[in-house]
S.K.: 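I have a structure here, written as structure tokens, and I will follow up with some questions on it.
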Amino acid sequence: VRAYYCRMYEAKFIAGALAGILTKDDTIGFVARYPIFGVPSEINAFALGARMTHPGIRIALRWSCVEKDPAAGLISEGVRVISSHDVSADESLTIGGNWGTYVIENGVPFPICTPCWNWGMFYERVCRYILNGEWDTEYDDDKAVNYWWGMSSGIIDILTSEHLPSGQIQLTGILKDGIVKGTLDIFRTQMTDSSGKLRNDGNREFSPEEIMKMDWLLDNVDGTIPAFDELLPMAQKMVRILGVYRNEIPPEKEEFLV
């Protein structure tokens with residue numbers, strides 16, 4: 001069995017840092033998709049980036065798997081900087097309107113940046129493994145192979161608006177360089193979760209498993225991970241398979257036709 005999920009949280013951290021600089025308020029909105037493996041780490045990384053550049057910032061968390069238009073709800077509450085769903089690297093920052101992280105001005109979303117997947121780079125790496133004969137040599141009959149590439153591989157990147165101030169574009173490059181070279185460890189910092197529990201004193205590296213299976217939110221995130229019965233029907237099937245609390249979901253009842 002082979003699976004993949006790349007380290008999108010790295011780009012989310014940078015997006016949070018940019019959002020923290022550009023917001024004029026003390027609240028940034030974040031629209032998450034599903035409460036599945038990897039998503040809480042993306043939310044927390046964004047919150048850490050925003051806190052780095054805007055101490056005291058709060059992240060207003062909403063879920064598109066719970067309400068149909070969470071961004072509209074955030075805007076109605078006066079939130080003017082929102083992080084929403086991402087795009088592929090070959091798409092425009094403005095595709096579909098309010099994608100990526102954007103600022104609302106006079107009711108119109110203006111993009112700041114968006115984390116993105118370079119799918120071509122991903123498939124190129126897989127093909128090279130096959131052609132070089134590495135596909136079989138890395139396989140272990142007793143274990144699944146999970147690919148978890150990040151910004152250093154070129155598969156994960158962040159697109160920035162050409163209208164960003166030069167200082168913010170420079171900061172993007174500095175943060176990205178630190179992540180790629182390994183000199184910036186996003187989660188190696190003091191972190192307390194929303195329940196008040198100390199998750200890291202700042203002296204410990206998180207393992208890949210801890211990051212992927214993260215099921216808690218930072219103390220500057222206003223919101224919760226939605227329960228299974230709060231999800232829209234279209235989201236429940238995916239959460240049954242990949243949800244951070246999938247083992248706690250009651251089994252589906254089988255219906256028999258008589």
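Values reported hereafter were calculated over all heavy atoms of this structure, with side chains retained and with hydrogens, waters and symmetry mates removed.
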S.K.: State the CZ-CG distance between R80 and L74, to the nearest 0.5 angstrom.
M.R.: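 One finds 10.5 Å between CZ of R80 and CG of L74.
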
S.K.: Nearest heavy-atom pair of S84 and Y102: which atoms, and what distance?
M.R.: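 Smallest heavy-atom distance, with atoms named: CB-CE2, 3.9 Å.
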
S.K.: Would F187 and S41 count as a side-chain contact (heavy atoms from CB on, under 4.5 Å) if you check the C-alpha gap in whole Å, the side-chain angles of each, and the deciding distance to 0.1 Å?
M.R.: CA-CA 9 Å; F187 293 116; S41 66; 4.2 Å; yes

S.K.: Decide yes or no for V103 and K24: does some side-chain heavy atom of the first lie under 4.5 Å from some side-chain heavy atom of the second?
M.R.: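 V103 does not reach K24 side chain to side chain.
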
S.K.: Yes or no on side-chain contact (heavy atoms from CB on, under 4.5 Å) for R199 and T192, after CA distance, side-chain angles and deciding distance?
M.R.: CA-CA 5 Å; R199 293 288 181 168; T192 303; over 6 Å; no

S.K.: Backbone N or O of C116 within a donor-acceptor pair of the D157 side chain at under 3.5 Å?
M.R.: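 Flag not set: sc D157 to bb C116 has no pair under 3.5 Å.
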
S.K.: Looking only at the side chains, is there a donor atom on one of S195 and D193 sitting less than 3.5 Å from an acceptor on the other?
M.R.: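 The answer is yes; a qualifying pair exists.
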
S.K.: Taking side chain as C-beta onward, heavy atoms only, is I28 less than 4.5 Å from T101?
M.R.: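 With C-beta onward as the side chain, the pair stays apart.
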
S.K.: Any heavy-atom pair between the side chains of V79 and D25 that's under 4.5 Å?
M.R.: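 SC-SC contact between D25 and V79 ruled out.
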
S.K.: I need the I82 CD1 to F30 CZ distance, nearest 0.5 Å.
M.R.: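 These two atoms lie 12.0 Å from each other.
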
S.K.: Look up atom CH2 in W119 and atom CD1 in I155, then write down how far apart they are to the nearest 0.5 Å.
M.R.: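 W119 atom CH2 to I155 atom CD1 measures 9.0 Å (nearest 0.5 Å).
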
S.K.: Let me check something: do L242 and Y245 share a hydrophobic cluster, defined by ILVMFWY side-chain heavy atoms less than 4.5 Å apart, either directly or through other members?
M.R.: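 Yes; Y245 is reachable from L242 via cluster members.
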
S.K.: Considering only heavy atoms from C-beta outward, does the side chain of F206 approach that of R188 to under 4.5 Å?
M.R.: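 No, too far: nothing below the 4.5 Å cut-off.
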
S.K.: For E10 and M151, work out which heavy atoms get closest and say how close.
M.R.: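 Closest approach of E10 to M151: OE1-N, 2.8 Å.
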
S.K.: In terms of heavy-atom contacts, does CD of Q170 have more than 12 from other residues, nucleotides or ligands at under 6.0 Å?
M.R.: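 Counting other residues, nucleotides and ligands, CD of Q170 stays at 12 neighbours or fewer.
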
S.K.: Evaluate the side-chain proximity of Q190 to L198: yes if any heavy-atom separation is below 4.5 Å, no if none is.
M.R.: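 The answer is yes, as the side chains (C-beta and beyond) meet within the 4.5 Å cut-off.
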
S.K.: Is it true that a side-chain atom of N200 and a backbone atom of R204 form a donor plus acceptor pair closer than 3.5 Å?
M.R.: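 Yes; judged by distance alone, with no hydrogens or angles, the pair exists.
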
S.K.: When rounded to the nearest 0.5 angstrom, what distance separates CG in L61 from CZ in F46?
M.R.: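 One finds 11.0 Å between CG of L61 and CZ of F46.
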
S.K.: Is the shortest side-chain heavy-atom distance between M238 and R33 below 4.5 Å?
M.R.: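 No, too far: nothing below the 4.5 Å cut-off.
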
S.K.: Looking only at heavy atoms, which two atoms of G223 and L217 are closest? And how far apart?
M.R.: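 The pair with the smallest heavy-atom distance is O-CD1, 3.7 Å.
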
S.K.: Mind running side-chain contact (heavy atoms from CB on, under 4.5 Å) on D26 and H54 for me, showing each step along the way?
M.R.: CA-CA 8 Å; D26 290 329; H54 192 131; 3.0 Å; yes

S.K.: Applying the side chain to side chain contact (heavy atoms under 4.5 Å, CB included) test to I186, which of I211, L48, I14 qualifies?
M.R.: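 Among I211, L48, I14, the one that satisfies the side chain to side chain contact (heavy atoms under 4.5 Å, CB included) with I186 is L48.
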
S.K.: What pair of heavy atoms forms the shortest contact from M8 to P115, and how long is it?
M.R.: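 Result for this residue pair: SD-CB, 3.2 Å.
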
S.K.: Spell out, as yes or no, whether a donor-acceptor pair under 3.5 Å connects the side chain of N118 to the backbone of G154.
M.R.: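 Yes, N118 side chain to G154 backbone: donor-acceptor pair under 3.5 Å.
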
S.K.: Does C65 reach the side chain of L232, with side-chain heavy atoms less than 4.5 Å apart?
M.R.: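 Side chain of C65 against side chain of L232, heavy atoms only: no contact under 4.5 Å found.
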
S.K.: Less than 4.5 Å apart, side chain to side chain, heavy atoms only: is that true for I59 and S83?
M.R.: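 A side-chain contact under 4.5 Å is absent here.
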
S.K.: So does L159 get a backbone contact from the side chain of T114, meaning a donor-acceptor N/O pair under 3.5 Å?
M.R.: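 Absent.
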
S.K.: Do L175 and I169 land in one hydrophobic cluster if side-chain heavy atoms of ILVMFWY residues count as linked below 4.5 Å?
M.R.: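 The answer is yes; both residues are in one hydrophobic cluster.
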
